[in-house]
Each structure stands twice: as C-alpha cells, then as structure tokens.
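Here is the structure we will look at, set down as structure tokens.
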Amino acid sequence: MSIQPVTRYVAECDVCGTAYGSDSAFERAIHFTTREDAVDLVHDDPEWLVTTDGRVICLLDDDAHQAALDALMPPAPAAVCDGQTALDF
C-alpha cells in the first residue's frame, strides 16, 4: 500500500471560522473533493452565504456577522424628488 497526498476542501466562515457541517469543536467538518463541490453545497444551505467575491459567511445572529452582511450592501440611495423644495431650518 502506498501513501499518497490527497487534497480536501473545507468551507469555513470568514467571520468566525466555523467549519461547514460542524456546530462545535467536537464535530467533524464536511470535506469536499473540489472547491466547486464545497461552494455548491454551501450555496444551497439557507443558513450560509457564498458571496460573489468567494467569501463564505455563516448566518449566526451576532454583531460581527451582521457587520459583514451590512458591508455587502450598497450605500443607501439619496432621496431626490423632482420639484421638491429643500427645507432648511
């Protein structure tokens, strides 16, 4: 029997470092044979987000994750109405 190197991929949250498929340090993460397989499975999970620039974010409800999601949003548009008079008090 020979010993051969094998590459596996694990998706981890870019905010907290949680590995996909593990809820604690005692659980093993899901390993994928290709990066595309990892992206496909994580993308289909409603509790995880894969951004267009390749970042992976789990959707935990805390300030750090909310800040990461807020950073993905475009700036709020300026409210402009035709013919509106500016109210300078």
Side-chain angles (χ1 to χ4, degrees):
M1 173 160 71
S2 64
I3 298 174
Q4 300 177 9
V6 177
T7 301
R8 296 283 184 235
Y9 296 85
V10 175
E12 289 186 349
C13 176
D14 286 325
V15 177
C16 66
T18 299
Y20 183 78
S22 66
D23 292 328
S24 70
F26 302 107
E27 292 181 345
R28 294 189 182 262
I30 298 174
H31 292 77
F32 302 93
T33 54
T34 67
R35 183 182 188 289
E36 292 76 21
D37 289 343
V39 169
D40 288 344
L41 187 61
V42 174
H43 184 269
D44 291 340
D45 190 326
E47 295 186 18
W48 285 73
L49 174 70
V50 179
T51 65
T52 56
D53 62 354
R55 292 185 296 155
V56 176
I57 301 173
C58 69
L59 299 180
L60 289 178
D61 188 18
D62 65 10
D63 292 339
H65 287 82
Q66 187 60 51
L69 295 174
D70 290 344
L72 296 172
M73 300 301 292
V80 177
C81 297
D82 292 335
Q84 181 177 359
T85 302
L87 300 175
D88 294 327
F89 294 103

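Given the structure is predicted, the values throughout are model-derived calculations rather than measurements. Along the sequence shown, the residues carry numbers beginning at 1.
Counting all heavy atoms, side chain and backbone alike, A19 lies closest to V10 at CB-CG1, 3.8 Å. E12 approaches V56 most closely through the heavy-atom pair O-CB, 3.7 Å.
A donor-acceptor pair is defined here as one N or O able to donate and one able to accept, closer than 3.5 Å; no such pair exists between the side chain of H65 and the backbone of D63.
In this structure, V6 and R8 have side chains that are in contact, with non-hydrogen atoms separated by less than 4.5 Å. Within the 4.5 Å cutoff, the side chain of Y20 has no heavy atoms near those of the C58 side chain. Looking only at side-chain heavy atoms (C-beta outward), F32 and D40 stay at 4.5 Å or farther from each other.
In this structure, L49 shares a hydrophobic cluster with V15, I57, L59, L69, L72, the cluster being traced through Ile, Leu, Val, Met, Phe, Trp and Tyr side chains under 4.5 angstrom apart.
In this structure, D53 places its CG atom where more than 12 heavy-atom neighbours from other residues, nucleotides or ligands lie under 6.0 Å away.
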- Evaluate the side-chain hydrogen bond (donor to acceptor under 3.5 Å, both in side chains) criterion for residues Q66 and D70: first the C-alpha distance (whole Å), next the side-chain angles of each, then the deciding distance (0.1 Å), finally the verdict. CA-CA 6 Å; Q66 187 60 51; D70 290 344; 2.8 Å; yes

